[in-house]
Amino acid sequence: MPSATITVFVNRFEGFLYRHLERRLAQQIRKFLHRSYGLDLPKIVIEQPPRVELGEYALPLAFELAKKLRKPPRKIAEEIVAGIGPIDDFERLELAGAGYINARVKREQLASALSADERPKAEVPRGKVLVEHSSINPNKAAHIGHLRNAILGDTFVRLLRFAGREVDIQNYIDNTGVQVADVIVGFLHLEKKSRAEIEALTRLPRFDYFCWDLYAQVSRWYEQDKQNRDARVQVLHALEEGGNETAAIADLISLAVLRRHLETMDRLDIEYDFLPRESEILHLHFWDAAFAKLKDAGVLSFETEGKNKGCWVMRRGKVIPKEAENTEVAEEDQKVIVRSNGTVGYVGKDIAYHLWKFGLLGRDFGYRKFYRYPNGHDCWISTTNGDPNHPHFGDVAEIYNVIDARQAEAQNTVVEALRGLGYNEQADHYTHFSYEMVALTPRCAAELGYELSEEDKARSYIEVSGRKGFGVKADDLIDTLIASAKKEVDSRHPQLSEEERMTIATQIAVGALRYFMLKFTKPSVIAFDFKEALSFEGETGPYAQYAVVRASNIFRKGGFDPDTFAGDVASYVSTDDFEKYLNGADGNEIWELWLASSKTSYVIDQCIATTEPAYLAKHVFQLAQLFNTFYHRHPILAEPDESRKRFLLATVAVVRRELTRALAVMGIAVPAAM
RNA sequence: GGCCCCGUAGCUCAGUUGGAUAGAGCAGCGGUUUCCUAAACCGUUGGUCGGCGGUUCGACUCCGCCCGGGGCCUCCA
């Protein structure tokens, strides 16, 4: 096909789909207001009418203009409707209610564009995006709180990639901190294990579970006698120094636990590209480089008096203007970055890490391959002397840190440090992707066998605590979900092989879990409860998966391949057919399904702009719900009218495609049967 | 004490830039399977949107105060 023809074809359809029509409508309105009233509104509010019969877009514009133009809203709306003239791909504007202007699109146009899967080119911002998520301390098994983090992070990555962005996924490994030190203390002082014995233990299929219990034990041991904490201080010292027996043991343990975390997350189709470790931040002297910059820029100051005497501190809160030279900062407003013993705290290392992320540090990690996923993708880890032949990490344009809301202040400190260094551009592209924690309901805690105080029983939720060994381990939850799904699949599909049934059960389990973690908006604390998390009915992942499976079943039983059909709808359904079946009272109901299908990319844009994946979960559910209603009402294969049958099949094909696509962005696969 | 988050149906939650009659799932009650159809569908019960005041033509949404719940404010990470 000559390229000129392709260009014409693309231009013909460019501008379709929900968000593009919205933009076009706004432009026309803006032009009209300028032309007729000499008004230039900064924002044209466009919303969706409560019912599809009223149109596809609603403008409450006239209410806003009533005072400005000294006319009743209805009058203004009338003038706009009468005066605006034709708009491409819109049927007409209508006056409604007390002064709403509703816009109707040409349904058959939108439907044929959607069925042809026209996706207008979006302007993709330049530069790579870095998403940091998971970042679980490598000293114990991952729990449900980590699952929320990883699922949010992974879904956000998929959203960005859907929008055409290039994304690096990093998982920061704090392998030299207190938590790892504690578990080492457990192995050395409580278990009294040698390095060889520990090495043997790391080969346990769930070594992270062993550490989970040991970590809780160590915490209790510290409580028994404050002196026991000296062991931790010694271990921490050895880790910071490196190159000794304790550090070797720490490496053994943290890498083994890390490997387990990667396996756990891989069960949910969550992968990482690079694992930067704190040990390299220390040993490759990232901090020294960052420290020098921070001192030069005056971001850090050395305290010679008071409670922070001997520390390098940063001001907290608003940056004080340069003119205010003599401003003494209250001790409470100082953030200690370097302790009086010369060691650097967590935030300091984080500042160095973030300078590296933006390519501002002037140093780089060493890299080696650490983990190969079954699909062949390699995950790299930091090291001191690495493989020179490595991909380029860091040096990105934008970063998103998926970290829970409790660390908001530490995140702000890092951003302030960037600003203090004059990196405002980078600070503006630093997003703390903040979300609330996962807690347990008292009932759930009781089910798990924890003793609850009267006070705890009265709470609406209780915080998970790795230190106390209080929580639901990620693998346990996944196992339970798979077992539960497997039981159902076994009874529904006894004719399938064990392997097939297991695959389906796993997909359902993952769908249920990922959907569960995504359906809550980020600021909402999830009060975890097995009954809800294990549900496969109602607003759940399996509900949406089931809708797609039903759609596929229609094609299978009808002897069509759904993807082939979806790829060639135009030869089965004409624009005239779309016009015939999508209009009128009868058409409204099915049109609602088409309209919802057209909104997927629009919703994805909103998810990115607001860093809120929950909108996509909501969209998927609504689409599945509309489809189920449609499915129940229209026996498609039994439809006697051939052209109507083809139209109904086109409807199924498009919904199936959009739902599958949206689920994939949520990391949810569609089973072959359910 | 300072800062942040939450408070919407019995329970768990949506409600985006203020807009048309406040929605969904679960639970409850009553129905629907020789079908592409029950992990589903239909119907039904259930609300002083924590309270008071303010801004606005219009407030669940914005502002102020108060009440209740949670979190953060360590030379922890």
Classify the ring geometry between [X] and [Y] as parallel (under 30°), tilted (30 to 60°) or perpendicular (over 60°).
| X | Y | answer |
| --- | --- | --- |
| Phe516(A) | Phe520(A) | perpendicular |
| Phe565(A) | Phe560(A) | perpendicular |
| Trp287(A) | Phe291(A) | parallel |

Can you check the [X] [atom1] to [N] [atom2] distance for me, whole Å?
| X | N | atom1 | atom2 | value |
| --- | --- | --- | --- | --- |
| Tyr546(A) | C41(B) | OH | P | 10 Å |
| Leu61(A) | G18(B) | CG | P | 14 Å |
| Arg229(A) | C76(B) | CZ | P | 12 Å |
| Gln622(A) | U16(B) | CD | C1' | 13 Å |
| Ile526(A) | G70(B) | CD1 | P | 19 Å |
| Lys43(A) | U16(B) | NZ | C1' | 11 Å |
| Asn412(A) | C73(B) | CG | P | 13 Å |
| Phe516(A) | G25(B) | CZ | P | 17 Å |

Margin query: Could you write out RNA chain B as dot-bracket? Rules: Watson-Crick or G-U wobble, both distances under 3.5 Å, brackets [ ] for crossings, | for pairs with another strand, dot for unpaired.
Written below: (((((((..((((.....[...)))).(((((.......))))).....(((((..]....))))))))))))....
Next item on the list: List the steps and the verdict of side-chain contact (heavy atoms from CB on, under 4.5 Å) for Ile184(A) and Ile253(A).
Entry: CA-CA 8 Å; Ile184(A) 293 164; Ile253(A) 294 168; 3.9 Å; yes
Out of [options], whichever nucleotide has its closest atom nearest the side chain of [X]:
| X | options | value |
| --- | --- | --- |
| Val336(A) | G25(B), C13(B), C75(B) | C75(B) |
| Glu537(A) | C57(B), G70(B), A39(B) | A39(B) |
| Tyr346(A) | A39(B), A20(B), A77(B) | A77(B) |

Check: Is any side-chain N of the basic residue among Glu454(A) and Lys457(A) closer than 4.0 Å to the acidic one's carboxylate O?
Finding: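 Looking at Lys457(A) together with Glu454(A), the answer is yes, because their closest N to O distance falls below 4.0 Å.
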Check: Quick one: salt bridge (charged side-chain N to carboxylate O under 4.0 Å, His left out) pairs with a partner in residues 530-556 of chain A, sequence neighbours left out?
Finding: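 As it turns out, the salt bridge (charged side-chain N to carboxylate O under 4.0 Å, His left out) pairs with a partner in residues 530-556 of chain A, which skip direct neighbours, are Glu539(A)-Lys618(A).
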Please list, pair by pair, any protein nitrogen or oxygen found under 3.5 Å from a nitrogen or oxygen in nucleotides 3-7 of chain B.
from, atom 1, to, atom 2, distance (Å)
C5(B), O2', Pro523(A), O, 3.2

Check: Which atom pair, heavy atoms only, marks the closest approach of Ala512(A) to Pro542(A)?
Finding: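 Scanning both residues completely, I find the closest heavy atoms to be CA-CD, 3.6 Å.
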Margin query: To check you understand the geometry: which heavy-atom pair defines the closest contact between Val347(A) and Val414(A), and what is its length?
Written below: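 The pair with the smallest heavy-atom distance is CG1-CG2, 4.3 Å.
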Margin query: Suppose we call a contact any N or O donor and acceptor under 3.5 Å apart; does that hold for the side chain of Glu532(A) and the base of U12(B)?
Written below: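 Donor-acceptor pair under 3.5 Å: no.
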Checklist line | N/O donor-acceptor pair, side chain Arg550(A) with base A40(B), under 3.5 angstrom | finding: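 No pair found.
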Check: Between the side chain of Arg501(A) and the main-chain N/O of Leu496(A), is any donor-acceptor distance below 3.5 Å?
Finding: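 Confirmed, Arg501(A) side chain pairs with Leu496(A) backbone.
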Check: With Glu53(A), which residues qualify under salt bridge (Lys or Arg N to Asp or Glu O under 4.0 Å), at least two apart?
Finding: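 Partners of Glu53(A) under the salt bridge (Lys or Arg N to Asp or Glu O under 4.0 Å) test: Arg51(A).
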Note to self: Please give the distance between the C1' atoms of U61(B) and G23(B) as a whole number of Å.
What the structure shows: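 Per the computed distance, 15 Å lies between those C1' atoms.
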Notebook entry, point to check: Any side-chain N or O of Arg339(A) under 4.0 Å from OP1/OP2 of C76(B)?
Noted result: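 Yes, within the criterion.
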Next item on the list: For residues 61-73 of chain A, pull every pair meeting side chain to side chain donor-acceptor pair (under 3.5 Å), keeping only residues two or more places apart or in separate chains.
Entry: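 Residue pairs with at least one partner in residues 61-73 of chain A: Lys71(A)-Glu79(A).
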Notebook entry, point to check: Strictly under 6.0 Å, is that where the ring centroids of Tyr346(A) and Tyr353(A) end up?
Noted result: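 Centroid separation for Tyr346(A) and Tyr353(A): 6.0 Å or greater.
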Check: Taking RNA chain B as the partner, which of residues 626-634 of chain A come within under 4.0 angstrom of it by heavy atom?
Finding: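 Output list: Asn628(A), Thr629(A), Tyr631(A), His632(A), His634(A).
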